[in-house]
Amino acid sequence: LASFADAAVLKIHIISGAKEYQSEDSMKSFSAWMEKHYEVKFTASWGHDGIKKLPNLDALAQADVMFVFARRMKLEEEQMKLIRAHWEKGKPIVGVCTASHAFQKADNEIFDRQVLGGNYQGHFGDGPVKVTNLGKHPILKGVDKITSDKLYKAGPLAKGTMVLQQGDIGTDKHAVSWVNSWQGGRIFYTSLGIAEDFENKDFKQMLVNAIYWTAKLKPNHRDSKNPNQ
């Protein structure tokens, strides 16, 4: 498969900044686990809601995949140019949870509605969410049942998106995971991503699959016998 990775090690840059959802703790744990079991290398910009300048953002330019788990940051224009350059070049993106409203309002209109292909409309209160896989897709390979406690309200998605999972709280159903294409690049987004989700092996497997799928690579794990340990 043709890919963005020049070497065997896939490079992923994390943009984290969702304090309420404990994005830093979740992503530090997930990235360490994935580096242990897969041929990947993570770099990161650790931030918080409302931050104006992220550290280490220059590393994004060398990354194959941008992984966004941030909420309502207020980044200066020079930093947003670095982030926009990634999606404008059609490079792979994985967005989790608050990625739908990661930046300032004007940038969210583009990033959520066009790049991710979403339509964030807020969320329901905490409560059991039954997640159902829809059809077959490489991102769902090896992914069994997932339950969560937070369901986002998704309005009509962009034309061309493909919904992979639906969340059901009994009274309402909404798309929770989907793929999109932007400037020729592959995009994956899921509104799942509370701290408990990152403890679920099926959720982690879906993220692994998504990272490799967006990069147009097959998962390359170190322990082929049992990569989920």
(request) Using the side-chain contact (heavy atoms from CB on, under 4.5 Å) rule, take F30 and K204 through it: C-alpha gap first, then chi angles, then the decisive distance, then the call. (result) CA-CA 8 Å; F30 173 76; K204 291 196 296 182; 4.2 Å; yes
(message) Evaluate N56 against H13 for side-chain contact (heavy atoms from CB on, under 4.5 Å), listing each step before the verdict.
(response) CA-CA 10 Å; N56 197 37; H13 187 79; 4.0 Å; yes
(request) Kindly determine whether W33 and V208 satisfy side-chain contact (heavy atoms from CB on, under 4.5 Å), including the steps that lead there. (result) CA-CA 11 Å; W33 168 82; V208 168; 3.6 Å; yes
(message) side-chain contact (heavy atoms from CB on, under 4.5 Å) for L192 and V96? Distances and angles first, verdict last.
(response) CA-CA 7 Å; L192 303 174; V96 166; over 6 Å; no
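Closest approach of L207 and T190 over heavy atoms only: CD2-CG2, 4.5 Å. The two atoms that bring G95 and A99 nearest to each other are CA-CB, 3.8 Å, heavy atoms only. Between S16 and L54, the shortest heavy-atom distance links the atoms O-CD2, 4.4 Å. Nearest heavy atom pair, residue H86 against residue A63, reads CE1-O, 4.3 Å. Residue A154 comes nearest to H174 through the heavy atom pair N-ND1, 3.1 Å, listed as atom of the first residue, atom of the second, then distance. Residue T161 comes nearest to G117 through the heavy atom pair CG2-O, 3.5 Å, listed as atom of the first residue, atom of the second, then distance.
Between F111 and F103, the angle of the ring planes goes over 60°, which puts this pair in the perpendicular group of the 30/60° scheme. Aromatic ring orientation, F69 versus F198: parallel (interplanar angle below 30°, classes split at 30° and 60°).
Within the 3.5 Å criterion, the main-chain N or O of A102 finds a donor-acceptor partner in the side chain of N108. Of the possible donor and acceptor atoms, one in the side chain of S31 sits under 3.5 Å from a partner among the backbone N and O of K28. Panel note: side chain Q104, backbone L75; a donor-acceptor pair is recorded below 3.5 Å. No side-chain donor-acceptor contact under 3.5 Å links D107 to the backbone of M80. N133 places no side-chain N or O within 3.5 Å of a backbone atom of L164 that could act as its donor or acceptor partner. Under a 3.5 Å cut-off, the side chain of T214 and the backbone N or O of A210 do form a donor-acceptor pair. When atom types are taken as modelled, the side chain of R222 and the backbone of E35 share a donor-acceptor pair closer than 3.5 angstrom. A donor-acceptor contact shorter than 3.5 Å links the side chain of N119 to the backbone of P156. The closest donor-acceptor contact from the side chain of S23 to the backbone of A18 lies under 3.5 Å. Side-chain N or O atoms of W178 include none that pairs as donor or acceptor with a backbone N or O of L157 at under 3.5 Å.
We find the CD1-CG distance between I211 and D64 to be 11.0 Å, quoted to the nearest 0.5 Å. The line from CD of Q183 to CD of Q114 is 9.5 Å long, rounded to the nearest 0.5 Å. Note: L57 CG to Q79 CD = 5.0 Å, rounded to the nearest 0.5 Å. Taking NZ from K74 and CZ from R72, the interatomic distance works out to 10.0 Å, rounded to the nearest 0.5 Å. In this structure, S45 OG and F67 CZ are separated by 14.0 Å, a value rounded to the nearest 0.5 Å. Of the inter-residue distances, the one linking D112 atom CG with S100 atom OG reads 5.0 Å to the nearest 0.5 angstrom.
A cation-pi arrangement is absent between K218 and W213 under the rule of less than 6.0 angstrom and at most 45 degrees off the ring axis. Figure legend: K153 and F124 shown as a cation-pi pair, the cationic atom lying under 6.0 angstrom from the six-membered ring centre and within 45 degrees of its axis.
Under the 4.5 Å side-chain criterion, counting only non-hydrogen atoms from C-beta, H123 is not in contact with L151. Between Q166 and K173, the closest side-chain pair of non-hydrogen atoms falls below 4.5 Å. In this structure, the side chains of R113 and Y120 stay at 4.5 Å or more apart for every pair of heavy atoms.
Under 4.0 Å is where a charged nitrogen must lie from a carboxylate oxygen, and between R84 and E77 at least one such pair does. We find that D202 and K145 are not joined by a salt bridge, their nearest charged nitrogen and carboxylate oxygen being 4.0 Å or further apart.
If you check the side chains of Q205 and N209, you find a donor sitting under 3.5 Å from an acceptor.
The side chain to side chain donor-acceptor pair (under 3.5 Å) search around D168 returns none, not counting sequence neighbours.
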